[in-house]
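The block underneath contains the structure these notes are about, expressed in structure tokens.
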Amino acid sequence: MREARSLENVRLGTYYVVQLPEPDDFGFWRERARALVQCEVPPDRIAWVEPGGNGDLFSHGERRAPVPPPDARAVRANKRFMALAKNAALHSDPDRFALLYRLLWRIQSNPRMMEDKADADVRRIEELDKAVRRDSHKMHAFVRFRLVEPEEGDDDAQEHYVAWFEPEHHILRANAGFFMRRFSNMHWSILTPQGSLHWDTETMREGPPAQRGDAPGGDPMEELWRSYYASIFNPARLKIGAMLKEMPRKYWKNMPEAALIPELVAGAQKRESAMVEAGTLEFEERPETLEAIDKAIHACRKCPIGELDNSAVMGEGPRDADLMIVGEQPGDQEDLAGRPFVGPAGQLLDVHLEKVGIDRRAAYVTNTVKHFKYVQRGKRRLHQSPGAKEIDTCRWWIESERAIVQPKLILAMGASAARGMLGKTVSISKVRGEPIPLEDGSELWVTAHPSYLLRLDGPAREEQARLFDADLAAVKERLEELAR
Ligand code: URA
């Protein structure tokens with residue numbers, strides 16, 4: 001009955017009003033958009049109204065979601081659109097949800113339209129995505145926690161840190177995970193004019209919007225921030241215009257170290273000349289293509305491994321793979337072949353991937369450390385594990401690969417790969433089998449390295465092979481879920 005009425009509404013040219021429960025509720029938009037596309041409701045017959053928006057203007061509109069007919073066609077949405085849409089939905093532009101729907105509607109008849117760089121809608125969604133990523137980046141960089149003094153006489157009070165931030169877009173909730181992971185052991189609150197987040201080392205709570213005056217003004221931590229900033233300040237990278245773009249003056253008032261800026265700028269040229277003379281001048285621009293990374297890792301000598309008689313090995317696989325498989329470092333055979341996972345560990349990996357039904361050709365396969373670390377014993381080159389410092393230095397490259405490929409799921413094999421992803425050492429047995437959310441919205445899954453299996457035999461090998469297969473099967477299942 002309800003279905004018949006829906007289709008009748010569509011036929012009669014009903015105007016639909018979709019009231020979003022929250023300004024950042026992409027999931028709600030996606031569900032409604034799917035039903036509307038399936039009921040063939042064109043974009044100009046829908047008003048997308050966010051909280052606080054003027055829904056009353058559309059009092060004649062139909063507010064119930066239309067119910068698609070049972071034989072409705074599946075809705076097409078490619079990965080690029082979904083990735084951009086998820087971010088663009090957080091923009092403060094009131095027309096964003098209408099734009100997303102228009103694009104989704106058009107993709108149904110032109111699945112390749114996202115590739116049309118000249119299309120005004122495609123250009124606009126890219127702009128929104130960029131602005132939101134920029135706002136999140138600023139939030140990560142410029143949120144400064146200040147210690148709140150406990151009430152007098154309250155000796156049991158936990159140390160509580162509070163930060164004030166003014167995002168331009170609806171990014172607060174989307175970035176909660178970043179701060180939760182980075183400051184997991186602290187009690188903290190982030191206050192913004194859109195709402196607040198409160199973390200007590202175990203649970204995250206959302207609170208109402210706040211005002212600047214609700215956050216404390218300054219404390220002894222600030223001196224620490226100031227000296228830290230002075231020590232990491234790299235005068236060689238100082239471009240005043242770029243700095244203002246990156247760190248607009250609007251954020252300065254919340255950042256204790258900003259008090260140092262005029263002084264550091266004045267001394268920058270002198271320090272830069274000194275760095276040139278000392279040979280410590282370094283420029284780091286993140287490469288924007290996989291080809292550029294490939295070229296750069298071959299020239300990389302940031303750690304001693306690159307000085308050995310070896311050649312960097314680049315990751316391989318589709319540029320838009322959903323799955324990224326990460327190992328430790330190339331072995332002897334990978335170094336000679338210039339490709340990851342082609343030696344014994346790679347062959348064992350292939351066997352297990354095939355067993356659980358993961359197509360290696362659809363994955364992007366790479367390593368945390370790009371060069372083969374070894375010691376020479378006679379004619380043989382014996383594998384040496386990279387140290388924590390070497391892994392951390394090399395993270396720059398895997399992060400650059402991740403930024404380009406944007407996998408939904410990363411499988412890190414072994415402790416070095418896990419460190420490369422997380423920046424800290426974890427115990428495989430403690431973290432395997434469960435997703436670890438990453439800052440960019442992707443998921444990390446950790447398992448053992450196949451060369452660990454190669455070093456075992458008998459029942460121990462069988463047991464580890466079973467666990468390895470179980471991890472791979474869980475990854476496969478999750479990938480299928482994410483693709484839905
Ligand atoms: N082991 C790794 O971690 N990576 C390779 O590419 C080969 C062996």
Side-chain angles (χ1 to χ4, degrees), residues 290 293-294 297-298 300 303 305-306 308-318 321 323-354 358-377 380-402 405 407 409-423 425-428 431-432 444-456 461 464-465 467-468 471-472 475:
L290 293 175
I293 298 177
D294 194 4
I297 59 175
H298 280 83
C300 181
C303 84
I305 312 180
L308 296 171
D309 185 12
N310 55 17
S311 185
V313 175
M314 180 62 184
E316 65 176 23
L323 171 65
M324 181 180 269
I325 300 178
V326 185
E328 179 190 71
Q329 60 171 355
D332 181 63
Q333 296 200 24
E334 286 77 14
D335 179 52
L336 298 174
R339 292 183 51 211
F341 282 105
V342 292
Q347 287 158 21
L348 184 64
L349 173 65
D350 289 347
V351 169
H352 286 273
L353 288 176
E354 200 178 329
I358 295 179
D359 180 4
R360 170 169 168 167
R361 287 163 311 175
Y364 184 86
V365 180
T366 189
N367 281 298
T368 309
V369 170
K370 300 302 180 204
H371 284 93
F372 174 37
K373 181 176 178 183
Y374 63 90
V375 278
Q376 192 81 39
R377 289 278 178 271
R380 295 183 63 206
R381 300 191 297 176
L382 298 185
H383 164 273
Q384 294 253 289
S385 294
K389 200 158 171 226
E390 290 155 346
I391 296 171
D392 294 348
T393 306
C394 221
R395 282 185 79 199
W396 174 254
W397 302 122
I398 188 90
E399 280 171 0
S400 304
E401 284 175 292
R402 272 178 62 194
V405 178
L409 198 153
I410 299 172
L411 174 66
M413 301 189 301
S416 300
R419 185 177 176 102
M421 294 302 111
L422 294 166
T425 300
V426 290
S427 143
I428 307 265
V431 297
R432 71 189 309 169
L444 174 68
W445 291 66
V446 176
T447 189
H449 194 285
S451 54
Y452 171 59
L453 271 63
L454 284 176
R455 291 196 297 273
L456 302 171
R461 165 92 173 247
Q464 285 304 321
L467 291 174
F468 192 58
D471 289 345
L472 295 186
V475 161

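Note that ligands are numbered from 1 as they come in the structure, with each ligand's atoms numbered from 1 the same way. It should be emphasised that the depicted structure is a prediction, and the values quoted were computed from it without experimental measurement. Residue numbers count from 1 along this sequence.
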Which of the ligand 1 atoms, numbered from 1, are nearer than 4.0 Å to a heavy atom of H449:
1 (N), 2 (C), 3 (O)
Looking only at distance, does F341 have an N or O less than 3.5 Å from an N or O of ligand 1?
yes
Any side-chain heavy atom of L349 within less than 4.5 Å of one from M413?
yes
Going by an N to O cut-off under 4.0 Å, is there a salt bridge joining D335 and R381?
yes
When you compare the side chain of D471 with that of V475, does any pair of heavy atoms fall below 4.5 Å?
no
Does any non-hydrogen side-chain atom of T368 lie less than 4.5 Å from one of E328?
no
Between E316 and R360, does any NZ, NE, NH1 or NH2 come within less than 4.0 Å of an OD or OE carboxylate oxygen?
yes
Looking only at protein heavy atoms, which one is nearest to atom 4 (N) of ligand 1, and what is the separation?
N367 OD1, 2.7 Å
Numbered atoms and elements of ligand 1 in range of G327, under 4.0 angstrom, heavy atoms
3 (O)
Pick, from H383, Q329, R339, E328, the option with the minimum heavy-atom distance to atom 5 (C) of ligand 1.
Q329
